[in-house]
Amino acid sequence: MIVAERKPFEEVKNMVKDFRKVLTVGCGTCVAVCLAGGEKEVGVLNSELKIARRMDGDTIETGGVTVERQCDMEFLEELDGIVDGYDAIISMACGAGVQFIAERFPKIPVFPGVNTSFIGVNREVGWYEEKCRACGSCVLGMTAGICPVTMCAKGLFNGPCGGTNKGSCEINDDQPCAWYSIHERLAAQGRLSNILEICPPNDWRNQTPRTIVQPGYKDRLAAFGMK
Amino acid sequence: MKSGSNLEKILRAGHFAFTGELGPPRGSNVEAVREKAKPLIGNVDAVNITDNQTAMVRMSSWAASLIAIEEGLEPNYQMVCRDRNRLAMQSDILGASALGIRNMLCLSGDHQQFGDHPQSKGVFDIDSTQLIGTVKKMRDEGKFLGGADIDEPPKLFIGGAANPFAEPYEWRVHRLAKKIAAGVDFIQTQCIFNMDRMRTWVKQSVDMGLTEKVYILAGVTPMKSVGMARYMQLKVPGMDVPKEIIKRLQGVDKKKVADEGIKIACEQIDEFKEMKGVAGVHLMAIEWEHKVPEIAERANVLPRPTV
Ligand code: SF4
Ligand code: SF4
């Protein structure tokens, strides 16, 4: 899932300081699971905004709504009747959701309520770890299911480097060395030959905005004149 | 001859090579480079010019390399993967070769988090093994990584690093083999303090036939003080400083510690001269350049041969 964390309240408060009627939109998927931008967090942020305004001797009118997924047009439709009358929107979705809302309602200023951080996993309630940087040419098959782009501090493709410290990465004793683990797991599976050959320079495919149309849908989109 | 560098000539002629190190200053102070260069002249075959060492901004490695050439030293131009993408690397390689630099050391680089710009974006477009392959392709095939022809390929003797002391140990010879397959001509190792581990690694390399294909220069660093030894033992990633070294330094009179450090280094150099598979020593006298003549003298590596 996409993991985010709430922006510092002062930053959010400052972004909407010139607006009197603000709609806070939550997202019910990734950011809700990682406790950053779901229904509950929408309620908390709105209360905080009201209290802060009152303490500044002013008022703010807030609305709150949470849609299933802000990254899906279908669910954004629900907002069409609601946004009118608001001066600004705070989207608590990941960066993709924020942009989709801003695109749908181009006349209304839209602000991000969270800092989108990474694609990761839920290790324990409230504890998330980054796992993938969406490089676009996945090498997990070679590396025993451990991502060298994300988990190796230097993104090496021919590790482990000389900084490996008793299984930890040179950057930090608490950070396992990705390549140490790759070596260990491949050795246990009898697949060390995977990394004996030189891995050539990576073909970075995340350097321009990407679009994917799944094979079965190309004709359909063409028929609608969309692609 | 692949590059015609002095280092290459010395090694090919079968002499025991002796290289040094020079860290460029944190500024455009040309005199500082000349000062550090002086004690090295005539005492080493080539000198490594570090590239933003420990991720701190310094005078660029190629610029300091040119000043070294002016002083009569042969530079070993270091390049790290942390600060440049493949476009910048290849253009710097061409520029270095055009201006007379003939040795190059390909490294990953310390992570930027350790330096004075921890907020910076680490590039790591390619890694050190891939950089070795890039220089080799440019030099021997006359082609850029992207495949286009080069108008006058660079002439460089290609170096790489090895750390026999980082785990997993059994991996270390394979990593060396990969760098050889990528095209490395010589290897300089991490500072060696654990001689047992070094002997094992060299023996494995000899047994695998690797030392027939690459020149290995053993990294030697004289300890200046007990504090330095402790710091290296605890704080420097990938460094293996056995207790015995620290005990030995503690065992001598306070005023004699530095001298004992040099003595240990000389004993190591003596052993490397005899060790099958080792072609020379890379002396990293960190911020101790002025001691190099004394160390070279005491290690009996003078005068340096001319080929
Ligand atoms: S290799 Fe690329 S796609 Fe695969 S997990 Fe790593 S970053 Fe993600
Ligand atoms: S120590 Fe391991 S994880 Fe850290 S940079 Fe080196 S290879 Fe990558």
Side-chain angles (χ1 to χ4, degrees), chain A residues 133 135-137 139 142-144 146-207, chain B residues 55 80-82 85-86 89 107-114 118 122-134 136-137 145-146 160-183 187-191 219 234-240:
Chain A
R133 298 248 167 108
C135 77
S137 34
V139 295
M142 168 185 79
T143 58
I146 298 164
C147 173
V149 179
T150 312
M151 309 303 290
C152 166
K154 298 180 190 169
L156 305 179
F157 283 82
N158 291 284
C161 78
T164 325
N165 220 343
K166 299 180 192 70
S168 295
C169 172
E170 63 172 50
I171 58 161
N172 181 344
D173 284 347
D174 301 329
Q175 180 62 44
C177 163
W179 275 98
Y180 183 86
S181 314
I182 291 170
H183 183 273
E184 216 174 32
R185 200 178 285 172
L186 283 176
Q189 295 176 0
R191 297 202 300 144
L192 264 187
S193 57
N194 270 15
I195 53 171
L196 293 180
E197 297 287 310
I198 295 168
C199 178
N202 194 34
D203 174 8
W204 296 110
R205 289 187 218 162
N206 54 1
Q207 305 296 300
Chain B
V80 298
C81 299
R82 179 195 59 227
N85 69 6
R86 58 190 90 177
M89 286 175 154
L107 303 170
S108 313
D110 297 316
H111 194 272
Q112 62 274 14
Q113 153 185 312
F114 293 112
V123 181
F124 302 112
D125 177 17
I126 60 178
D127 65 25
S128 56
T129 309
Q130 294 163 344
L131 175 57
I132 290 167
T134 304
K136 160 109 171 146
K137 182 173 179 154
L145 205 46
N163 183 1
F165 313 104
E167 287 159 1
Y169 296 144
E170 67 274 22
W171 170 250
R172 295 299 145 193
V173 270
H174 295 301
R175 187 160 159 87
L176 175 64
K178 275 179 99 164
K179 288 192 177 184
I180 293 170
I187 288 283
Q188 290 173 322
T189 75
Q190 171 72 284
C191 313
L234 300 174
K235 294 278 152 63
V236 184
M239 199 73 83
D240 180 353

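To find a chain, count down the sequence lines: A is the first, B the second, and so on, and within it residues start at 1. The analysis underlying the following values was restricted to heavy atoms, covering all of them including side chains, and did not include hydrogens, waters or symmetry mates. Note that the structure is predicted; figures quoted are calculated from it, not measured.
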(message) Within this structure, what is the CG-OG distance for the pair A/L156 and B/S128, rounded to the nearest 0.5 Å?
(response) 6.5 Å
(request) Side-chain contact test, heavy atoms from C-beta onward, threshold under 4.5 Å: evaluate it for B/D125 versus A/P201 and give yes or no. (result) no
(message) Are A/C161 and B/R175 packed together at the side-chain level, in the sense that at least one heavy-atom pair is separated by less than 4.5 angstrom?
(response) yes
(request) May I ask you to decide if B/G122's main-chain N or O and A/K154's side chain share a donor-acceptor pair within less than 3.5 Å? (result) no
(request) Hey, could you give me the CD/CG distance between B/Q130 and A/N202, rounded to the nearest 0.5 Å? (result) 8.0 Å
(message) Apply side chain to side chain contact (heavy atoms under 4.5 Å, CB included) to residues A/E170 and B/H111 and explain how you reach the verdict.
(response) CA-CA 8 Å; A/E170 63 172 50; B/H111 194 272; 4.0 Å; yes
(request) List the atom of A/G159, the atom of B/W171, and the distance in Å for their closest heavy-atom pair. (result) O-CZ2, 3.1 Å
(message) Counting only non-hydrogen atoms closer than 4.5 Å, does A/P200 touch chain B with its backbone (N, CA, C, O), its side chain (CB onward), both, or neither?
(response) backbone
(message) So does B/A166 get a backbone contact from the side chain of A/K166, meaning a donor-acceptor N/O pair under 3.5 Å?
(response) no
(message) With rounding to the nearest 0.5 angstrom, report the CZ to CG distance, B/F165 to A/N165.
(response) 13.5 Å
(message) For A/G162 versus B/N163, what's the shortest heavy-atom pair and its separation?
(response) O-ND2, 2.6 Å
(message) To the closest 0.5 Å, what do you measure between CD1 (A/I198) and CD1 (B/I180)?
(response) 10.5 Å
(request) Measure across A/A153 and B/F124 and return the closest heavy-atom pair with its distance rounded to 0.1 Å. (result) O-CE1, 4.2 Å
(request) Among B/H174, B/R86, B/Q190, single out the residue with the greatest number of heavy-atom pairs under 4.5 Å to chain A. (result) B/R86
(message) Is any side-chain heavy atom of A/H183 closer than 4.5 Å to one of B/E170?
(response) yes
(message) Please classify the contact between B/R172 and chain A as side chain, backbone, both or neither, with a heavy-atom cut-off of under 4.5 Å.
(response) side chain
(request) Using non-hydrogen atoms and a 4.5 Å limit, figure out which bit of A/E184 sits close to chain B: side chain, backbone, both or neither. (result) neither
(request) Check B/D127 against A/N158 and note the closest heavy-atom contact, atom names and distance. (result) OD2-N, 2.8 Å
(message) Given heavy-atom pairs under 4.5 angstrom as the criterion, report whether the side chain, backbone, both or neither of B/L145 touches chain A.
(response) side chain
(request) Taking all heavy atoms of B/P237 and all of A/G163, pick out the closest pair and write down the distance. (result) CB-O, 3.7 Å
(message) I'd like to check A/S168 versus B/E167 (side-chain heavy atoms, cut-off strictly below 4.5 Å). Are they in contact?
(response) no
